Amino acid sequence: MGETVLALRDITRSYVSGDETLHVLRGVNFELRAGETVALVAPSGTGKSTLLHIAGLLDHPDGGVIEVAGRDAGRLPDKDRTAIRCSEIGFVYQFHHLLAEFTARENVALPQMIAGTSPSVSRRRAEELLGVFGLGHRLNHLPGKLSGGEQQRVAIARALANAPSVLLADEPTGNLDVSTADSVFGELLRVVRGSAVGALIATHNEELAARMDRVVTLRDGVLVEG
């Protein structure tokens, strides 16, 4: 494996509900290396999404350190956190969240243009990525004209468009049938392992988790192996 692309050190997060304080994360420690795939397997309600949101700089922990691509990102101003999210972190969710009025190529090109890449280079990169996921013939289709598996492939390509160091995925195949999920997941692993990106993927599917390099789980607010 390569260098560490994501490090979480003593991450804590609590929520107040009425008179009760819910301690969701109680000191999470985790390292993800370039080219590594890690499955996050835990029951619903244990804090998986909270952990992913904190790792992706979408939420602030109560305490602890977040390092992304060697930078202490947790304490940066919001503007700098946004810049790191744009350049270093890719997100894939269970529901693709594609922009309905834009084609597959445009959906993948837009994040690049937001990051400052020229439209021509962004479109070319979008075409290359969609081709890798077998969608070279669907470039000009709107999401509504794509199957569920095709839509999720576009979402994965979009997440990888800016060549991030870290890919975070929250049940990326949970909305697909078994056969399509297996195919999409296989393509995701192939692309991740062929690049320098490290991937932390939350899933309830133990068969898919077994195909990754290692498995971690949340237990009583702490991340443990296996």
Side-chain angles (χ1 to χ4, degrees), residues 1-34 36-95 97 111 114-115 155 158-160 162 164-172 174 192 197-206 209 212-226:
M1 296 299 172
E3 65 183 7
T4 299
V5 293
L6 172 67
L8 305 177
R9 309 193 193 283
D10 296 320
I11 298 296
T12 59
R13 187 70 167 96
S14 300
Y15 297 94
V16 176
S17 177
D19 295 330
E20 184 180 5
T21 299
L22 304 175
H23 299 285
V24 179
L25 304 178
R26 298 172 178 264
V28 168
N29 291 283
F30 175 72
E31 287 194 0
L32 177 68
R33 296 187 176 276
E36 182 181 31
T37 58
V38 178
L40 174 57
V41 179
S44 298
T46 55
K48 293 195 305 296
S49 294
T50 297
L51 179 60
L52 288 174
H53 287 169
I54 288 174
L57 306 181
L58 292 171
D59 190 10
H60 291 270
D62 296 329
V65 175
I66 308 165
E67 294 180 0
V68 179
R71 297 184 63 187
D72 185 351
R75 295 182 174 87
L76 293 174
D78 286 343
K79 180 180 178 181
D80 295 330
R81 288 163 60 91
T82 298
I84 290 177
R85 280 200 305 271
C86 186
S87 63
E88 300 291 349
I89 303 173
F91 294 89
V92 185
Y93 298 98
Q94 179 175 344
F95 299 96
H97 297 303
I114 291 171
R158 179 182 59 186
L160 295 169
N162 285 330
S165 301
V166 178
L167 180 71
L168 301 173
D170 196 355
E171 297 287 347
V192 166
V197 65
L200 176 61
I201 303 173
T203 179
H204 283 103
N205 189 319
E206 293 187 1
M212 290 184 253
D213 297 315
R214 59 190 175 101
V215 178
V216 297
T217 188
L218 275 168
R219 188 173 299 151
D220 296 325
V222 176
L223 206 60
V224 296
E225 296 283 337

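This is a predicted model, so every value here is computed, not measured. The figures here come from the full heavy-atom set of this structure, side chains too, leaving out hydrogens, waters and symmetry mates.
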- Is a side-chain donor or acceptor of T217 paired with a backbone partner of V41 at a separation under 3.5 angstrom? yes
Just list the side-chain donor-acceptor pairs under 3.5 Å for residues 81-91, sequence neighbours left out, or say none.
{"residue": "R81", "atom": "NH1", "partner": "G74", "partner atom": "O", "Å": "3.2"}
{"residue": "R81", "atom": "NH2", "partner": "L57", "partner atom": "O", "Å": "3.2"}
{"residue": "R81", "atom": "NH2", "partner": "D59", "partner atom": "O", "Å": "3.4"}
{"residue": "T82", "atom": "OG1", "partner": "D78", "partner atom": "O", "Å": "3.0"}
{"residue": "T82", "atom": "OG1", "partner": "R85", "partner atom": "NH2", "Å": "3.0"}
{"residue": "R85", "atom": "NH1", "partner": "L57", "partner atom": "O", "Å": "2.6"}
{"residue": "S87", "atom": "OG", "partner": "A83", "partner atom": "O", "Å": "3.1"}
{"residue": "E88", "atom": "OE1", "partner": "S165", "partner atom": "OG", "Å": "2.4"}

- Item | CG on L25 to OH on Y15, rounded to 0.5 Å | 7.5 Å
- Message: As a quick check of understanding, evaluate side chain to side chain contact (heavy atoms under 4.5 Å, CB included) for V28 and V222, giving each step before the final call.
- Response: CA-CA 5 Å; V28 168; V222 176; 5.7 Å; no
- Task: Would you check if the side chain of E3 reaches a backbone N or O of A34 as a donor-acceptor pair within less than 3.5 Å?
- Result: no
- Task: Can you sort out the partners of A159 under side chain to side chain contact (heavy atoms under 4.5 Å, CB included), two or more places apart, ordered by chain and number?
- Result: V92, L167
- For V68 and A73, work out which heavy atoms get closest and say how close. CG2-CB, 4.2 Å
- Task: Apply side chain to side chain contact (heavy atoms under 4.5 Å, CB included) to the pair I11 and L223, showing each step before the final yes or no.
- Result: CA-CA 10 Å; I11 298 296; L223 206 60; over 6 Å; no
- Message: Taking the side chain as everything from C-beta on, heavy atoms only, tell me whether N29 gets closer than 4.5 Å to L8.
- Response: no
- Note on the structure: Minimal heavy-atom distance between V16 and G18, with the atoms involved, is CG1-O, 3.5 Å
- Query: What residues, two or more places apart in sequence or in another chain, satisfy side chain to side chain contact (heavy atoms under 4.5 Å, CB included) together with E67?
  - Reply: A7, R9, V65
- Task: Mind checking the CD1-NE2 spacing from I66 to H60? Nearest 0.5 Å is all I need.
- Result: 8.5 Å
- Measure across N162 and P111 and return the closest heavy-atom pair with its distance rounded to 0.1 Å. ND2-O, 3.3 Å
- Query: Once you round to the nearest 0.5 Å, how far does CG of D62 lie from OG of S14?
  - Reply: 5.0 Å
- Qualifying residues under salt bridge (Lys or Arg N to Asp or Glu O under 4.0 Å), relative to D72, sequence neighbours excluded: R75
- Supply the atom-to-atom distance L168 CG to H53 NE2, rounded to the nearest 0.5 angstrom. 9.5 Å
- Message: For A202 versus L52, what's the shortest heavy-atom pair and its separation?
- Response: CB-CD1, 3.9 Å
- Partner residues of N205 under the side chain to side chain donor-acceptor pair (under 3.5 Å) criterion, sequence neighbours left out: none
- Query: So how far is it from T203 OG1 to K48 NZ, rounded to the nearest 0.5 Å?
  - Reply: 9.0 Å
- Message: Suppose we screen for salt bridge (Lys or Arg N to Asp or Glu O under 4.0 Å). Which residues come up paired with R214, at least two apart in sequence or across chains?
- Response: E36, E225
- Item | Least distance between heavy atoms, S49 atom then D170 atom | OG-OD2, 2.8 Å
- Here the gap from T37 atom OG1 to D213 atom CG, rounded to the nearest 0.5 Å, amounts to 3.5 Å
- Message: Apply side chain to side chain contact (heavy atoms under 4.5 Å, CB included) to residues F30 and V38 and explain how you reach the verdict.
- Response: CA-CA 11 Å; F30 175 72; V38 178; 4.0 Å; yes
